[in-house]
Amino acid sequence: MSVLALSQKRIKKAKVWLISIILLIVLAAVAYTFLYLKHDANMTDVGNRLASPTQAHPLGTDHLGRDVLTRLLLGFRLTVGYSLIALAAAVIIGVPFGLIAGLRGGWIDRLFMRIADGFLAFPDTVIAIVLSGLLGPGIGNLLFAIVLVKWVNYARMVRSTVLTEVRKDYVTIARINGLSTFTIMRKHLLPHIIGNVLVLASLDFGKIILLISSLSYIGLGAQPPTPEWGAMLNESRPYFQANPEMMVYPGLAIVAVVLVANVLGDYLRDKFDVKKEVQP
Amino acid sequence: MTVIEIHNLKKSYNPGKLAVNDVSLSIQKGESLGLVGESGCGKSTLAHCLLGVEKMDAGSIVYNEEPIAHANRKQLRNYRRNVQTVFQNPTASLNPKLKIRDSLLDPYLQFKDDLQLKHFHFTSKQDFVQQLLETVELPKGLADRYPHELSGGQKQRVTIARAISIEPKLIVLDEPTASLDVLSQGAILELLGSLQQTLGMSYLFISHDLAAVYQLCQRIAVMKDGELLDVFRKEEIYDSNRHDYTKELIDIF
């Protein structure tokens with residue numbers, strides 16, 4: 001085994017450790033909050049605002065006296081939940097689009113792909129901002145905008161995979177055997193697509209979290225008092241100089257989740273690549 | 001008994017130039033017919049028409065005394081079940097994401113409802129896969145491997161096993177040895193010969209290699225520029241009335 005391969009193995013090990021540690025921290029925090037503390041995320045206590053960490057408020061309180069840890073954990077559920085919803089919708093719309101375009105070809109393919117090109121011509125953030133502006137700010141509209149931008153990636157990727165694979169002899173032989181288009185899709189093409197989709201999805205997952213958070217930060221996504229991380233960042237902005245940790249916590253949370261999503265993407269890519277080196 | 005008849009088949013890709021020009025051939029039961037010619041002479045196009053990958057422009061293919069152009073669903077299914085194929089490139093012929101086992105079972109799963117196998121008797125799919133691997137002289141352990149873990153010769157054996165798995169009447173071999181090294185070529189030809197002995201199917205063996213064709217086939221057809229020039233029995237290869245082009249080919253080998 002070469003030096004390079006060895007160091008890559010070490011990096012992989014380090015990544016697994018990283019994921020385990022982050023998951024452990026999250027689990028410990030969840031357990032702590034829900035076993036010992038029963039704070040309402042929106043319960044204000046102005047007398048105890050901007051408090052330092054105490055036993056009751058392990059990460060202190062924000063400018064309205066709300067418990068930061070509780071909000072952070074609820075924010076995890078919201079942010080991750082929202083991006084999963086957006087992601088699932090994008091995949092569910094994009095994959096069939098790509099399959100049909102790739103397998104049918106002809107004018108259907110051209111029509112689908114011109115629509116996709118139209119969406120691709122704008123940067124994600126710009127479309128999201130424009131749509132939020134048109135439909136009004138709010139998490140629902142933001143998710144709609146994200147789905148609208150993201151499905152194109154899946155449709156295009158699936159289509160290109162289908163186009164390269166259907167020309168290969170094994171698909172021709174399946175056709176000679178009289179396998180239906182659906183069976184060919186399910187048995188022969190899906191294994192090629194599923195890995196790619198999962199890898200792209202796990203990378204997109206991080207991007208969508210960033211997009212939701214950044215648009216919530218500028219006030220176009222989740223509205224106060226929703227404890228979404230980007231919105232939390234936005235709310236703590238005026239108190240940045242006196243209480244910087246109020247911004248650090250949601251910021252760190254975003255970094256951690258995006259990191260985990262990316263490492264997961266790498267892991268899935270290795271997992272679905274059957275051609276990887278067989279472990280000695 | 002005739003397995004398949006090709007009557008006056010014509011096919012062109014570009015207007016004005018026929019890739020296959022008025023070719024008629026027939027293949028008898030248990031016979032190997034070799035089809036030789038240089039690259040681009042239309043022999044693969046002929047195979048593709050036979051396999052239904054390409055639509056022919058004119059002519060007919062008769063199977064079971066029935067032109068397949070007029071075949072109904074059931075007859076077409078029967079045709080497909082009885083005409084299998086092995087292509088030139090074994091790597092492209094196997095789905096890289098499927099285990100050997102799943103690739104092997106593809107035709108069986110497609111046709112299992114109306115399949116009556118004479119040679120293979122098995123209790124489970126597992127058993128069937130093992131028998132198939134054994135028949136093409138591959139180790140049983142390969143069933144759970146992926147194609148990229150196999151050599152070119154092994155992969156071609158897998159595609160042959162897949163083709164024979166449902167005991168077809170005819171196998172169209174489209175240059176099955178062309179992408180293999182010389183040793184594997186010989187081994188594959190021997191395997192094809194012995195499989196024909198045990199299973200009794202017919203071959204249409206397409207190749208540019210006259211020596212290989214001579215080794216495997218009882219009859220040889222020669223094509224050039226889309227036209228069928230010469231069809232003769234193997235013993236007649238040195239006859240004086242062979243076509244000039246055939247003599248040229250013989251001189252090369």
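Remember, it's a predicted structure, so these values are computed and weren't measured experimentally. Residue numbers start from 1 in every chain, and the chains themselves are labelled A, B, ... in the order their sequence lines are given, proteins ahead of strands.
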Task: Y79(B), part contacting chain A, at a heavy-atom distance under 4.5 Å - done: neither
Open item on the list: If you count every heavy atom of other residues, nucleotides or ligands that lies below 6.0 Å from F120(B) atom CZ, does the total exceed 12?
Closed with: yes
TODO: With sequence neighbours excluded, tell me which residues meet ring pair (Phe, Tyr, Trp, His ring centres under 6.0 Å) with F122(B).
DONE: Y108(B), F128(B)
Task: Inter-chain contacts: residues 175-206 of chain A against chain B, heavy atoms under 4.5 Å - done: R175(A), I176(A), N177(A), G178(A), L179(A), K187(A), H188(A), P191(A), H192(A)
- [ ] Under 4.5 Å, counting heavy-atom pairs only, tell me which of R77(B), H48(B), Q84(B), Q110(B) racks up the most with chain A.
- [x] Q110(B)
Task: Segment of Q88(B) engaging chain A (4.5 angstrom heavy-atom cut-off) - done: neither
- [ ] Let me know if R162(B) has heavy atoms under 4.5 Å from chain A in its side chain, its backbone, both or neither.
- [x] side chain
Task: Region of L51(B) that comes under 4.5 Å of a non-hydrogen atom in chain A - done: both
Open item on the list: Let's test your reading of the structure: which of V53(B), D106(B), N89(B) forms the most heavy-atom pairs below 4.5 Å with chain A?
Closed with: D106(B)
Open item on the list: Looking only at heavy atoms and a cut-off of under 4.5 Å, which of D102(B), L94(B), V86(B) has the most pairs with chain A?
Closed with: L94(B)
Open item on the list: Show, in sequence, the C-alpha distance, side-chain angles and deciding distance for L98(B) and Y170(A), and conclude whether the side-chain contact (heavy atoms from CB on, under 4.5 Å) test is met.
Closed with: CA-CA 11 Å; L98(B) 291 189; Y170(A) 69 85; over 6 Å; no
Open item on the list: Is L76(B) close to chain A through its backbone or its side chain, or both, or neither, when contacts mean heavy atoms under 4.5 Å?
Closed with: neither
